[in-house]
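This structure is a prediction, so every number in the text was calculated from the model and none was measured.
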Amino acid sequence: MAESMLSLVGLEVRRGMGVVLSDFNLEVASKDVVVLHGENGSGKSTVIESCARLLPLEKGSIQHHGALVVDAEGRRIIPTQPFGLTLQSNGLLGDETVENHLSTVCSLSGMKTDLLPMLESYGLAHRRHDRIGLLSGGQARKVAVLAGLLPAMLSSKPRLVFLDEPGTGLDKSALAALVSDIGQLREAGHAFVIASHHPELMKCATRLHDLKSESFQEQTPCQPWKANGVEEDARLLSTKVGHRYLRSTRAGLARNGLTALLVLGTLLAFVDPLSIENTALLVGFVFAAPFAAGLAGDPVVHLMRESRAVDWWRAHVNRIPNADFFAPVLGFIFTTLGCLLLLDAFNWKLSLIGAGILWATLTCVRFIELSTLRLARPNAVFIRLLLPILILPWALIVDFAATL
Amino acid sequence: MRRRAPEIFLGLGFAGIMTTLYLGLNWAPSVSIDAFESPAAQRIFYWHVPSAWAAFIAFGVLFFGSVLWFFKRSPLGWRLHVAGTEAGLACGLMAVWSGCVWGAAEWGTPWDWSDVRLNTFGLLTLLALFLVLGRQSQPDGVETRDTFSTFGLYGFVLVPLTYVATRIWQIRHPGPVIAAGDDGGSLQSSMALVLLIGALSFTVFIIGHMLISMRITHLEQRLEQAQKSLDGGN
């Protein structure tokens with residue numbers, strides 16, 4: 001019997017006020033292509049997103065390669081083996097280039113490869129240096145589908161691949177390439193769970209599942225896919241990717257840097273530092289800029305709200321790309337600037353504290369913002385009403401710093 | 001009679017609050033002119049302290065409801081969460097507003113960002129405002145309920161912190177009045193009586209408020225169910 005790669009046991013998942021999946025069981029083995037083809041609202045995407053650890057379970061558990069990844073007790077563990085994922089929304093960042101995004105996907109699997117042949121087969125080779133935001137809807141979908149297939153394409157070990165409506169928006173040749181790739185990857189031992197009604201994709205299934213019952217299909221053997229990845233060290237990937245997003249978009253400067261600059265400029269417009277003898281007040285003015293910049297939130301998380309990119313990342317890692325490197329640097333710069341303009345002297349201790357203030361504030365804001373991501377309309381909640389919680393700690397730090 | 005209980009509670013509570021206001025402004029003795037910058041403003045305490053007390057009760061209900069929903073998926077728990085949030089917001093705003101009025105008269109500033117009690121209570125009120133506005137902005141569902149219950153659970157940490165704030169870290173806010181232990185002995189009996197009437201009235205009022213809120217939430221859920229049936233869903 002083939003190795004069990006995915007195991008869903010007694011799954012119950014709720015969405016909205018309804019129970020979408022109830023006592024749902026599924027075992028997926030190597031060389032299985034399970035196509036979920038139930039009616040709209042029957043729970044196909046729910047199965048995919050549950051497998052990718054994006055939805056909490058009311059009951060049951062999910063295992064990848066025999067190891068628990070999510071259960072009803074709230075455990076959410078990073079899978080030991082990388083997996084491929086294409087969500088119904090592309091999960092792509094418009095400011096990334098095609099090549100950069102796919103290289104990041106490779107790094108998430110701890111691999112690297114020459115992407116050109118794969119880009120050629122999907123008609124994307126000439127677009128590899130373009131930003132995803134400039135592509136057509138169909139081209140962006142191809143990138144998302146290719147990103148889902150890559151972990152399997154790179155690896156000689158069996159990988160799980162989850163594809164949610166991969167055929168939507170693809171042209172004939174791209175669809176043919178996808179069907180061919182699925183067949184070859186299946187022969188190489190990889191396993192697929194695909195949510196789709198597309199006739200072409202249903203034809204390449206070994207098991208057709210309508211979420212109530214399933215039927216089996218024979219597939220003619222074909223040439224197995226030849227893995228083409230080389231192992232690569234991918235430490236600190238989230239920090240590196242976050243930094244790359246910021247470098248390519250300048251979002252950190254536009255969002256946090258400008259906020260700090262406006263605060264500092266406003267203070268200088270109304271305050272004459274020479275007329276103020278209260279040190280605590282002056283130090284408060286110096287720390288106002290990094291604090292305000294931190295309250296503006298993590299610019300990387302803000303960028304990743306586009307087409308569910310945050311969810312795509314959350315499925316793969318527990319620590320999503322962030323501005324953890326950028327924040328203290330910006331804090332140091334603006335506190336130093338504030339010291340020079342308001343205190344007329346450079347104080348390295350204050351500059352370091354300022355760097356810490358911006359980093360800590362930004363981290364808290366990120367935590368609060370991410371905790372509302374599960375909502376149906378996360379942008380509609382008044383999350384910033386909770387930010388005054390940071391004023392008291394900031395005031396205490398100002399009091400302390402004034403004594404230095 | 002039982003169906004009318006919320007309205008009866010609300011009516012009794014309202015009458016009690018009006019009585020407290022009358023007694024506080026006209027009957028209770030004035031405080032010593034040496035102890036306060038603005039002795040007349042101190043009379044707002046007969047409104048401020050009972051409303052803060054009622055807000056704590058509401059926040060307790062919010063926490064209890066959040067626990068019931070989050071761990072037991074109890075619909076009653078969610079109704080308690082909603083009722084506690086709305087009542088907590090109403091009473092929290094009353095306490096914050098009256099506190100600001102007194103602070104402006106006594107301290108010369110309505111708010112002090114470095115005082116722990118002021119900030120933690122202000123945050124509790126902002127949390128209630130966040131939950132009320134947030135709930136209105138989202139479709140009802142397990143995602144909405146889970147997220148807001150989590151905020152209700154974590155937010156409750158502020159309640160004991162607010163309670164002990166003036167005991168361990170008194171900056172501007174006066175020390176405890178209700179459940180003050182030995183320190184509360186200096187309060188004159190007539191003042192204590194008015195405060196007691198106020199606390200009881202606000203408690204009765206808040207119970208009525210929460211019962212009506214729970215009834216409204218229940219009716220909203222029934223309406224949504226009926227609309228779904230008309231849509232052809234289950």
Side-chain angles (χ1 to χ4, degrees), chain A residues 12-22 39-42 46 49 54-59 72-74 280-281 283-284 287-288 291 311 364 367-400 402, chain B residues 70-73 75 78 89 96 111-151 153-155 157-158 161-162 165 169 171 220-222 224-225 227-228 231-234:
Chain A
E12 182 178 311
V13 183
R14 293 174 73 154
R15 289 186 111 165
M17 287 313 292
V19 178
V20 183
L21 293 176
S22 179
E39 296 167 357
N40 291 342
S42 62
T46 302
E49 291 181 21
L54 289 173
L55 296 176
L57 309 181
E58 297 291 318
K59 290 179 189 163
E73 302 294 312
L281 197 60
V283 172
F287 285 154
F291 184 56
D311 279 341
C364 291
F367 175 75
I368 294 174
E369 283 184 339
L370 288 178
S371 57
T372 60
L373 272 185
R374 215 187 133 207
L375 291 171
R377 301 176 62 225
N379 291 330
V381 288
F382 299 82
I383 196 75
R384 285 177 189 274
L385 279 172
L386 301 179
L387 297 188
I389 199 167
L390 300 169
I391 294 177
L392 180 62
W394 174 80
L396 295 174
I397 291 172
V398 169
D399 265 355
F400 166 73
Chain B
F70 200 81
F71 294 107
K72 298 277 179 200
R73 287 284 188 266
W78 179 247
L89 174 61
V96 169
W111 195 261
D112 182 348
W113 283 107
S114 63
D115 187 277
V116 181
R117 165 69 70 93
L118 293 187
N119 280 278
T120 49
F121 192 85
L123 282 170
L124 270 171
T125 309
L126 283 178
L127 175 72
L129 180 62
F130 163 74
L131 292 173
V132 167
L133 292 176
R135 190 176 73 88
Q136 287 170 1
S137 74
Q138 305 293 323
D140 192 15
V142 70
E143 300 87 354
T144 304
R145 294 183 180 194
D146 279 358
T147 304
F148 291 138
S149 297
T150 312
F151 277 103
L153 289 173
Y154 284 116
V157 174
L158 290 167
L161 192 64
T162 308
W169 203 343
I171 296 173
E220 280 174 358
Q221 287 166 353
R222 279 182 58 190
E224 198 171 321
Q225 202 66 37
Q227 282 174 331
K228 275 192 178 158
D231 290 343
N234 45 14

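- Note that the CG atom of Leu385(A) and the OG1 atom of Thr125(B) stand 11.5 Å from one another [nearest 0.5 Å].
- Within the 4.5 angstrom heavy-atom criterion, no atom of Leu373(A) approaches chain B.
- In this structure a side-chain-to-backbone donor-acceptor pair under 3.5 Å is missing from Arg374(A) to Thr147(B).
- Contact between Ser137(B) and Arg377(A) at its shortest, heavy atoms only, is O-NH1, 2.5 Å.
- When the candidates Leu158(B), Thr150(B), Asp140(B), Asn119(B) are compared by the number of heavy-atom contacts under 4.5 Å with chain A, Asp140(B) comes out ahead.
- For Leu129(B), the parts sitting under 4.5 Å from any heavy atom of chain A are the backbone and the side chain alike.
- Contact detail for Ala380(A) and Gln138(B): the closest heavy-atom pair is CB-NE2, 4.0 Å.
- Between Phe130(B) atom CZ and Thr372(A) atom OG1 the span is 6.5 Å, to the nearest 0.5 Å.
- In this structure, Phe151(B) CZ and Ile368(A) CD1 are separated by 7.0 Å, a value rounded to the nearest 0.5 Å.
- No other option in Arg145(B), Arg73(B), Gln136(B) has as many heavy-atom pairs under 4.5 Å with chain A as Arg73(B).
- Neither the backbone nor the side chain of Arg135(B) comes within contact range of chain A; no heavy atoms are under 4.5 Å apart.
- In this structure, chain B has heavy atoms under 4.5 Å from both the backbone and the side chain of Arg15(A).
- Ranking Ile389(A), Leu375(A), Asp399(A) against chain B, the residue ahead of the rest is Leu375(A), based on heavy-atom pairs under 4.5 Å.
- Of all the heavy atoms in Pro388(A) and Leu123(B), the pair that sits closest is C-CD2, 3.7 Å.
- Summarising the geometry of Gly134(B) relative to Val381(A), their closest heavy-atom pair is CA-CG1, 4.1 Å, with the distance given to 0.1 Å.
- Top candidate by heavy-atom pairs under 4.5 Å with chain A, chosen from Leu127(B), Thr144(B), Leu133(B), is Leu133(B).
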